[in-house]
Amino acid sequence: MSGEEELVGQLLAHARFLGSLSSIGVPPPAAPSATAPSAEAAPAGTTAADGPSLETIRETIGDCRRCKLAAGRKTIVFGQGNPRAELMFVGEAPGAEEDEQGLAFVGRAGQLLTDIIEKGLRLKRAEVFIANVLKCRPPQNRNPEPDEIVACQPFLEEQIRVIRPKVLVGLGKFGAQWLLKTAEPITRIRGRVGSYQGIHVMPTYHPAYLLRNPGAKKEVWEDMKVVLQLLGRRVPG
Ligand code: SF4
């Protein structure tokens with residue numbers, strides 16, 4: 001593809017993204033200024049050197065006020081990792097640590113996710129991409145509410161479209177239900193491979209649940225073995 005075709009493709013993708021905002025009643029954001037940086041620094045994996053597309057999404061989010069969570073957050077947690085990742089994890093929402101640092105999955109649950117990735121899947125954390133259904137912390141870590149999920153939805157949709165991983169892992173009820181567009185409980189859908197826009201989806205337990213229920217790690221490991229198969233990688237014996 002020539003540079004010109006690529007640029008046209010990116011502009012069309014951005015137009016589709018803005019169209020998806022207006023289709024759910026979200027007013028398109030003001031165009032970012034060429035000189036003013038966005039309100040939050042771009043997290044790792046979203047620099048211009050990684051390609052303009054994730055950068056464009058981050059600029060579009062700007063200092064987002066599209067739902068009521070904006071009032072209580074410190075930082076928008078865009079998600080981070082490899083913009084060309086074959087494997088992408090989708091969790092629920094930032095917690096206190098994530099809100100402080102502006103990075104997804106950096107608290108105790110984040111450490112457990114790192115173990116799952118590095119000790120279980122034998123990948124580097126920087127090789128995958130990690131994001132959440134919501135980019136702002138709900139107060140007292142309460143569950144996401146439907147209007148918040150709808151308001152934030154176009155951002156995650158566009159991140160997945162740009163990264164186009166081979167496999168998505170939905171972590172916990174909200175990540176899994178969002179990807180599979182289902183209201184079935186996580187206990188019923190866990191371990192059953194589904195599909196999001198033609199991409200394999202593995203729903204599994206959230207690391208925070210595993211901290212409270214370590215016995216469920218066995219099931220998550222079974223799920224991760226299937227993820228390795230879907231990625232075409234060797235499954236450790
Ligand atoms: S949760 Fe999403 S939609 Fe709501 S303010 Fe944050 S970035 Fe915007």
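As a basis for the values below, the full set of heavy atoms in this structure was taken, side chains included, without hydrogen atoms, waters or symmetry mates. Sequential numbering from 1 along the given sequence is applied to the chain's residues. Ligands are counted one by one from 1 in listed order, and the atoms in each one are counted from 1 as well.
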Please table the atom pairs, donor to acceptor, closer than 3.5 Å between any side-chain atom in residues 103-116 and protein atoms at least two apart or in another chain.
{"residue": "Q111", "atom": "NE2", "partner": "D115", "partner atom": "OD1", "Å": "3.3"}
{"residue": "T114", "atom": "OG1", "partner": "G110", "partner atom": "O", "Å": "2.9"}
{"residue": "T114", "atom": "OG1", "partner": "R125", "partner atom": "NH1", "Å": "2.9"}

Exercise for review: Could I get the full list of side-chain contact (heavy atoms from CB on, under 4.5 Å) partners for P139, not counting sequence neighbours?
Suggested key: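 Partners of P139 under the side-chain contact (heavy atoms from CB on, under 4.5 Å) test: L69, R142.
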Check your understanding: Listing residue and atom name, which protein N/O/S atoms are closer to atom 6 (Fe) of ligand 1 than 2.8 Å?
Key ->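 Metal shell, protein only: C136 SG.
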Quiz: residues 230-237 side-chain donor-acceptor pairs under 3.5 angstrom, not counting sequence neighbours:
none

Review point. Do P144 and E92 touch side chain to side chain, with heavy atoms closer than 4.5 Å?
Key: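 In short, these two side chains touch, coming nearer than 4.5 Å.
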Exercise for review: Could you check if a side-chain atom of F78 sits within less than 4.5 angstrom of a side-chain atom of Q159, using non-hydrogen atoms only?
Suggested key: yes
Review point. Do you know the tightest heavy-atom contact between E100 and T75?
Key: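 That would be O-OG1, 3.9 Å.
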